[in-house]
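The structure under discussion appears below in the form of structure tokens.
Computed from a predicted structure; not experimentally measured. Here is how names work: the chains are called A, B, and so on, in the same order as the sequence lines, proteins then strands, and each is numbered from 1.
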Number of protein chains: 2
Amino acid sequence: MANIQQVAQKAGVSVATVSRVLNNHATVTPKTRLKVEQAINELNYEPSMLGRNLRNSESRLLLVLIPSISNPFYTEIIDGIEDTAIKNNYNILLCDTDSNPQRENIYFNLVKNKLADGIISMDPAVDMQKLIDLAEHHPIIQCSEYDENSCIPYVTIDNELAAYHAVKHLIKLGHEKIALINSDEKFLYARQRRQGYERALSEFNLPINKEWIYNTTQLEFEFGQQAMKKLLQSDEKPSAVFAVSDTLAIGALKEINSHGLLVPDDISVVGFDKISFSSMTNPTLTTVSQPMYRMGCTAASMLIDSIQGNKVESIVLNHELVIRESTMG
Amino acid sequence: MANIQQVAQKAGVSVATVSRVLNNHATVTPKTRLKVEQAINELNYEPSMLGRNLRNSESRLLLVLIPSISNPFYTEIIDGIEDTAIKNNYNILLCDTDSNPQRENIYFNLVKNKLADGIISMDPAVDMQKLIDLAEHHPIIQCSEYDENSCIPYVTIDNELAAYHAVKHLIKLGHEKIALINSDEKFLYARQRRQGYERALSEFNLPINKEWIYNTTQLEFEFGQQAMKKLLQSDEKPSAVFAVSDTLAIGALKEINSHGLLVPDDISVVGFDKISFSSMTNPTLTTVSQPMYRMGCTAASMLIDSIQGNKVESIVLNHELVIRESTMG
DNA sequence: CTGAAAGCGCTAACAA
DNA sequence: TTGTTAGCGCTTTCAG
């Protein structure tokens, strides 16, 4: 692989001139430019980012931390991030942390080591203290999941309100026995959605029944099935279920089905996220839709702003309840 | 952010000594080591990968090219790649190419520019010529999708045989009118699976009916629905469908359902990939399972081998037909 | 408009 | 055992 020296030599100019051509500095004669470009082509030369970054101390690479690429929820957000990044001449690198602090560390180092210019974190299980420390010296944005006390800017929806809307929808339908399949409440969004659930119930004077609240350790389908199985064993079966993620809701749907019960006739189900699967189930799933693409765009814009030294403010986007067959009794 | 100079100064040693401490060279007195470590801590120093890589010309970073993170098929493969990489002291970076040559280019440059040591490509739509050119100077492995004529080592399953098995299973069940929902036959796997489909039919003297072969442009659910809709309009409705991906099969399932038909009573369905959602559908989906995790491990091992200058051979792994409700008539 | 040279942060010969 | 120094590939002043 040729380097800038060889190009300069071949073109009969100095490395400085080659660099100028590479960076489109206007102060180069068309004639010299041509010579240099020819040399570049002949040698199949590609400038080294390493040298360039070392010099400029910027990489124009953004890191995106996701807990697991298997969660379809992140797909659209990432599209948004990617499109915005590219528009601004940045590129993104996806980092699957697997919610594993060790892997996380690796990616944090990429930033510390100037191999990336900033981070968008979407991992709810991220080591917050580390993220905060990192944020002191490096641009970081939290997307979707965040720590309210951290000073790290975030973009999110109002989870409490969204859950409130979902549950209120069920109540309006006449349901009084509404179960909650929540994830681990160590996550902020889980705590917020539970609050929304409880607020809706309280507002309509419905009691909060502990038996109808189930916390899963993970978000995969099977955990939704397991949760539903438990709920169906409770003394008084719920007539509706609100799950904090579509994957859990789909698992619940499956479990209800396999007990010979019908959705929504016997039990109504509401999910959260509007992943693409949610319209492939039978019945299709009522769900809370987050503006994921826009969320990604916003997060990327904020990060780039922050890299360029501007102060950025956290943003709360709007959600929307998408009513489909699973609550159309 | 402190640099090695400042650490050396603070510790009262030379930069070389600091470097030795960083790289665990045994030839440092415990006393000096301690001094250096203290200085490192006090200054909150983190070595710059940029400087280090520029010097060593290695980054210990592997690039993984995927066409789209929304395809669940890749999830497990990536787990395998990741685990193997980490075991060998490498890290991986996911690159979502969106099957977009421009994005592809960016990631190719990362390798050319020494920001990554090698690539595992899983993008069927990759620009093969570019990949081949790149492979001349850089370690590259093809995973799952590959070009048979390219000399770039690959790991895959026998797609022709897998399709043959799937269709034979349907034939053994008594089906004689078997449709194929295939993706774009510009992809090698699509051509191979079609061959397997045709071989099974021929072997049992069943005619190949053009009306029962449908090619989609993409793999999302909706394309499966659309395909199925067309197939249901054909003069003679097929009694079974083999789709080359679970996502397509699930779309087909949905479409069959919405026509008031039952799977498998009216139409049997077989998919391909065994994505996690395929056990959540109603009925659950019969599908061809690839050893995805092992595939990922193998690809990563091959790439690391290749980086270390060894010759590596292509590998074909075994598949397995997983029989579930959608073909249990 | 172009060239010479310094320096980004690091490692590894070579010297001491 | 430690220090000195060259150099990885590039950009950017400063001179010319």
Open item on the list: Is it true that, when you exclude A:Gln9 itself, more than 12 heavy atoms of the residues, nucleotides or ligands shown sit nearer than 6.0 Å to its CD?
Closed with: no
Open item on the list: Students often get this wrong, so: under 4.0 angstrom with heavy atoms, is A:Thr27 touching a base, only sugar-phosphate, or nothing?
Closed with: base
TODO: Nearest 0.5 Å please: distance from the CG atom of A:Asp305 over to the CD atom of A:Glu313.
DONE: 11.0 Å
TODO: Could you state the atom-to-atom distance from CD of A:Gln5 to P of D:dG7 in whole Å?
DONE: 11 Å
Open item on the list: Please report the interatomic distance CD1(A:Ile120) to OG(A:Ser144), rounded to the nearest 0.5 Å.
Closed with: 12.0 Å
TODO: Would you mind telling me which of B:Asn91, B:Asp117, B:Asn53 makes a side-chain hydrogen bond (donor to acceptor under 3.5 Å, both in side chains) with B:Ser59?
DONE: B:Asp117
Open item on the list: Strictly below 4.0 Å: does B:Arg52 bring a side-chain N or O up to OP1 or OP2 of C:dG9?
Closed with: no
Open item on the list: Without decimals, in angstroms, what is the distance between A:Leu22 CG and D:dG9 C1'?
Closed with: 11 Å
Sort me out a list of protein N/O and nucleotides 12-16 of chain C N/O pairs below 3.5 Å, or just none if empty.
unit_1	atom_1	unit_2	atom_2	d
C:dA12	O4'	B:Arg55	NH2	3.4
C:dA13	N6	B:Arg20	NH2	3.4

Open item on the list: In whole Å, I'd like the distance from the CG atom of A:Asn24 to the P atom of D:dC10.
Closed with: 16 Å
TODO: May I ask you to check whether A:Gln129 and A:Asp133 show a side-chain donor-acceptor distance below 3.5 Å?
DONE: yes
TODO: Can you tell me the distance, in whole Å, between the CD1 atom of B:Ile4 and the P atom of C:dG7?
DONE: 18 Å
Open item on the list: Can you measure A:Gln6 atom CD to D:dC8 atom P for me and round it to whole angstrom units?
Closed with: 10 Å
- [ ] Check every strand shown and say whether A:Val18 touches a base, only sugar-phosphate, or nothing at a heavy-atom separation below 4.0 Å.
- [x] nothing
Open item on the list: Whole angstroms only, please: what is the CG-P distance between B:Asn53 and D:dC8?
Closed with: 16 Å
TODO: Ignoring backbone atoms, establish whether A:Ser48 has a side-chain N or O less than 4.0 Å from OP1 or OP2 of D:dC8.
DONE: no
Open item on the list: Below the 4.0 Å mark, does C:dT2 have OP1 or OP2 next to a side-chain nitrogen or oxygen of A:Ser14?
Closed with: no
- [ ] Specify the separation, in whole Å, of atom CG of A:Asn3 and atom C1' of D:dC10.
- [x] 10 Å
Task: Phosphate OP1/OP2 of C:dC1: any A:Thr32 side-chain N/O under 4.0 Å - done: no
Task: Separation of A:Tyr90 OH from A:Arg60 CZ (nearest 0.5 Å) - done: 4.0 Å
TODO: Quick one: do A:Asp127 and A:Leu131 satisfy side-chain contact (heavy atoms from CB on, under 4.5 Å)? Show the steps, please.
DONE: CA-CA 6 Å; A:Asp127 180 334; A:Leu131 199 68; over 6 Å; no
Open item on the list: Nearest whole Å is fine: how far is C:dG9 C1' from B:Gln9 CD?
Closed with: 15 Å
